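The model shown is predicted, which means the values in this text are computed figures rather than measured ones. We name chains A, B, ... by the order of the sequence lines, and we start the count at 1 in each one.
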Amino acid sequence: MPASPWPTPRSVRQASQLHAVLTTSGKIVHPPSTGHLLNSLTNCLSAPRHLGYALSLFDRLPLHSTFIFDTALRACLRASGGADHPVLLFRRMRRGGVRADAFTFHFLFRCCARARPRLCRMLHAACLRTMLPSAGTLVANPLIHMYAALGFTDDARRAFDEIPVKDAVAWTTMIGGLAKMGLLDEARWLLVQAPERNVVSWTSLIAGYSRAGRAAEAVDCFNSMLSDGVAPDEVAVVGVLSACSRLKDLDLGRSLHFLIGEKRINMSDNLVVALIDMYAKCGDIACAQGIFDAVGRGQKPQPWNAIIDGYCKLGLVDVARSLFDQMDTPDVITFNSMITGYIHSGRLRDALLLFMQMRRHNLRADNFTVVSLLTACASLGALPQGRALLASIEQRLVEEDVYLVTALVDMYMKCGRVDEATIVFQRMGERDVHTWSAMIAGLAFNGMGKVALEYFCQMKRDGFQPNSVTYIAVLTACSHSCLLNEGRLHFNEMRSLHRIHPQIEHYGCMVDLLARSGLLDEAMDLVQTMPMQPNAVIWGSILSACRVHKKIDLARHAAELLLKLEPDEDAVYVQLYNIYIDSRKWVDASRIRMLMEERGVKKTAGYSSITVARQVHKFVVNDQSHPWTFEIIAMMEEIAHRLKSVGYAPITSKITVDVDEEEKEQALLAHSEKMTIAFGLISLPPNLPIHIMKNLRVCEDCHSAIKLISKLWKREIIVRDRSRFHHFRDGTCSCNDFW
DNA sequence: CTAGGGTTAG
């Protein structure tokens, strides 16, 4: 090609100016000028939005040589505009009889690294048919990359092995592909075999270990690299910093920070982000703030995001918010971090307000936003709002992914919709260990322990390795459904088969299961042999079981320890008080009362709440403050009447106040959960389940009464209290105990 | 003209 008489544009804007000059001077019809324009425009492309312009220039050219096609393909690659245009270009090339060369396939394979597998294989076949020497690194390296990106590591490996003379990039591409797939041992082995170990190979391995949660090995890798004499660069340091923040190793982080100065590594934005993130996650927020103040307050949102997320993770959302308010151009990540921060601090209203504010910044919610909000809906039991979010998936505003669908399963489960959660789960394409765990946990706390265990079996049959979270779900299933033998089996298997060390949560489930089954001695043996100090959950399980199984001495012991851990927890005093009353130890009981008064512990009032038309209604016992009190009382009378007509006798035996039987019945009827359900019955459409929340445990009488209400009114009723999830339907409850 | 990393979610 002859040297162009025109200047070379360095931006899209300059290219379009040259375009205008060419058009007005009539030179646009001159193919070499247009070719020059297309070529230099291609060098300026970095986002899909100008790809159409480049391709329109291509269409204007009368003659399409191999070089021009290759340039158009290069434009597609630079603009990262997907695989559709490249494939069309390739078809036109073949129809026009234009010969493809090595560059053609080089660009095609790179464009198609995220395309459908069938298409990729067809392109590979087309390449083989051209009789080009396809094992040269110019073609083979992108081919390895494409197969590795698809997850077809065997095909990638075959392409790699067929290269007669491999260059450094071939080795690095192969090692990087294996590392990205999580095949870290293979990647490491290849690195050892490679003629040259460069920074790029080491970095992909470091990042691979870090992503796989093997952060210690990532750091080892970094050290091996240094002792191998390979100088770290900015990218390598970013990788090892992220491993460091996972390890929460502040000393290591500081030494890496020092290394950056020592080796004069360029302080890029990414490095600033990684440093701020590392200091924040390692617990030195002051240092993170220092770096941010020194270099992070530029125009770019990334360093702001890192420090804002750091404050959110510490629970200091208001500090995070004040930084947020100082920003000029927050991006989606800023909003997501702030929204998640609010949600984790229970400030759902603030989260929602920010979500609505996103529109004003012309930002669209993405998967992260939707997942966070789904989690909020799950913890609120806000099914209608959760469904509204689902609509955003159906309208293709966000792409379905594993996180999203798992959050959806979790949301349905926490709202008591086991059937809908199951449908979502069955329909989803990709599952991982979190999805299975969410499903098993959901079935467990909806009282379907047996089904949960069936899912656990299927999970293992499908080849998924359960992790410690999965086992918390499995053991919860056993304890909530009193599956003693299964619980023992899985507790043993998690150690022997999967080499997972039980954490306090696992012991908690086992102690609960044994205690509920009346095996309090065995439960206590477990408590004494476990390698950590028992926490309040464990003593709580023991104490509750003592009431049912009438073990006063053990109850006293458990309560004593529990009160050391949580001296202000009124429920403990009440529990022990009730145990003494049950066994007619009046003196001991009154001592507890005195103790509470001495220590100034007040019994927190029980309350229940329900969300109707996006408004939360809260009731305490005998509540008269609601504007609909009149209707509610009428409905409660109706409930009392209907319960009585089917022979229901209120369970008054647990009431220890010295009043007559009728007063006891009256008191029970005025319990907040019954009032809330009465309000739900009159205010919610009949097809909706009644979903209420309670801050304390549901009492025995309410539990039995609600069972009957669900049958008499043919309504699903879901009650979440502080430790159980009760799903009432047609006279039964998913949770057949209430202590 | 090729290869590696990164703040937000279940």
*asked:* If I take atom CD in residue A:E196 and atom P in nucleotide B:dT2, what distance separates them, rounded to the nearest angstrom?
replied: 16 Å
*Looking at DNA chain B, which of residues 70-83 of chain A put a heavy atom within less than 4.0 Å of it?*
A:R74
_Would you say A:K166 places a side-chain N or O within less than 4.0 Å of OP1 or OP2 belonging to B:dA3?_
no
*Would you say A:K414 reaches B:dG10's phosphate, i.e. side-chain N/O to OP1/OP2 under 4.0 Å?*
no
*Which nucleotide in the set B:dG5, B:dG4, B:dG10 lies at the smallest distance from any side-chain heavy atom of A:V200?*
B:dG4
*A:H145 side-chain N/O to B:dC1 phosphate OP1/OP2 under 4.0 Å*: no
*Whole Å only: how far is the CD1 atom of A:I343 from the P atom of B:dG10?*
9 Å
*Picking from A:W304, A:F324, A:F355, A:Y342, what satisfies ring pair (Phe, Tyr, Trp, His ring centres under 6.0 Å) with A:F335?*
A:F324
*For the pair made of CD1 in A:I276 and P in B:dG5, what is the distance, rounded to whole Å?*
21 Å
*Selection from B:dG10, B:dT7, B:dC1 that lies nearest to any side-chain heavy atom of A:F103*: B:dC1
*B:dG4 P sits how many Å from A:Y209 OH, rounded?*
18 Å
*Ignoring the backbone of A:H434, work out which of B:dT2, B:dG10, B:dT7 is nearest its side chain.*
B:dG10
*Report yes or no: is there a donor-acceptor pair, N or O only, under 3.5 Å between the side chain of A:N198 and the base of B:dG4?*
no
*Nearest whole angstrom, please: distance from the P of B:dA9 to the CZ of A:R211.*
17 Å
_What is the distance, to the nearest angstrom, from the CG atom on A:D277 to the C1' atom on B:dG5?_
13 Å
*asked:* At less than 4.0 Å, is any side-chain N or O atom of A:K300 found next to OP1 or OP2 of B:dT7? Yes or no.
replied: no
*Residue pairs, two or more places apart or on separate chains, that pass ring pair (Phe, Tyr, Trp, His ring centres under 6.0 Å) and touch residues 174-226 of chain A*: none
*So, are A:E162 and A:R157 salt-bridged, with charged N and O less than 4.0 Å apart?*
no
*asked:* Can you identify which nucleotide, out of B:dT8, B:dG4, B:dG5, has its nearest atom closest to the A:D309 side chain?
replied: B:dT8
*Where the side chain of A:K313 is defined as all heavy atoms beyond and including C-beta, which of B:dT7, B:dT8, B:dT2 is the nearest nucleotide?*
B:dT8
*Under 4.0 angstrom, heavy atoms only, what part of the nucleic acid is A:D401 near: base, sugar-phosphate, or nothing?*
base
*asked:* Testing A:T104, A:T42, A:I68 one by one against A:L73 for a side-chain contact (heavy atoms from CB on, under 4.5 Å), which residue passes?
replied: A:T104
_Mind checking if A:D366 touches a base, just sugar-phosphate, or nothing, with heavy atoms under 4.0 Å?_
nothing
_Rounded distance in Å - CE (A:M225) to C1' (B:dG5)_ = 12 Å
_Under-3.5 Å donor-acceptor pair between A:S204 side chain and B:dG4 base_ = no
*Quick one: sort the A:W171 and A:F160 rings into parallel, tilted or perpendicular, breaks at 30° and 60°.*
perpendicular
_Nucleotide of B:dT8, B:dG5, B:dG10 approaching A:V371 most closely (side-chain heavy atoms)_ = B:dG10
*asked:* Under 4.0 Å, counting only non-hydrogen atoms across every strand here, what does A:V199 touch: a base, just sugar-phosphate, or nothing?
replied: base
*Would you tell me if any nitrogen or oxygen in the side chain of A:R110 comes within less than 4.0 Å of OP1 or OP2 on B:dC1?*
no
*Considering only side-chain heavy atoms of A:V402, which listed nucleotide, B:dG10, B:dT7, B:dG5, is closest?*
B:dG10
_A:F105 ring center near A:H124 ring center (under 6.0 Å)_ = no
_d(CZ, A:F222; C1', B:dG4) in whole Å_ = 14 Å
*asked:* At 4.0 Å (heavy atoms only), tell me whether A:L138 reaches a base, stays on the sugar-phosphate, or touches nothing.
replied: base
*Measure from the side chain of A:N367, starting at C-beta and using heavy atoms only, and say which of B:dT8, B:dA9, B:dG5 lies closest.*
B:dA9
*asked:* Under 4.0 Å, heavy atoms only, any strand: does A:A207 hit a base, just the sugar-phosphate, or nothing?
replied: sugar-phosphate
*For the pair A:D185 and A:R214, find out whether any cationic side-chain nitrogen is under 4.0 Å from an anionic carboxylate oxygen.*
yes
*Measure from NZ or CZ of A:R431 to the centre of the six-membered ring of A:F425 and say whether it is under 6.0 Å with the direction within 45° of the ring axis.*
yes
*Where the side chain of A:V169 is defined as all heavy atoms beyond and including C-beta, which of B:dA9, B:dT7, B:dA3 is the nearest nucleotide?*
B:dA3
*Which nucleotide, B:dG5, B:dT8, B:dG4, lies nearest any side-chain atom of A:S268?*
B:dG5
*Please list, chain by chain and in numerical order, all residues satisfying salt bridge (Lys or Arg N to Asp or Glu O under 4.0 Å) with A:D328, sequence neighbours excluded.*
none
*Check every strand shown and say whether A:T435 touches a base, only sugar-phosphate, or nothing at a heavy-atom separation below 4.0 Å.*
base
_Tell me if the centroids of the rings in A:F456 and A:W436 come within less than 6.0 Å of each other._
no
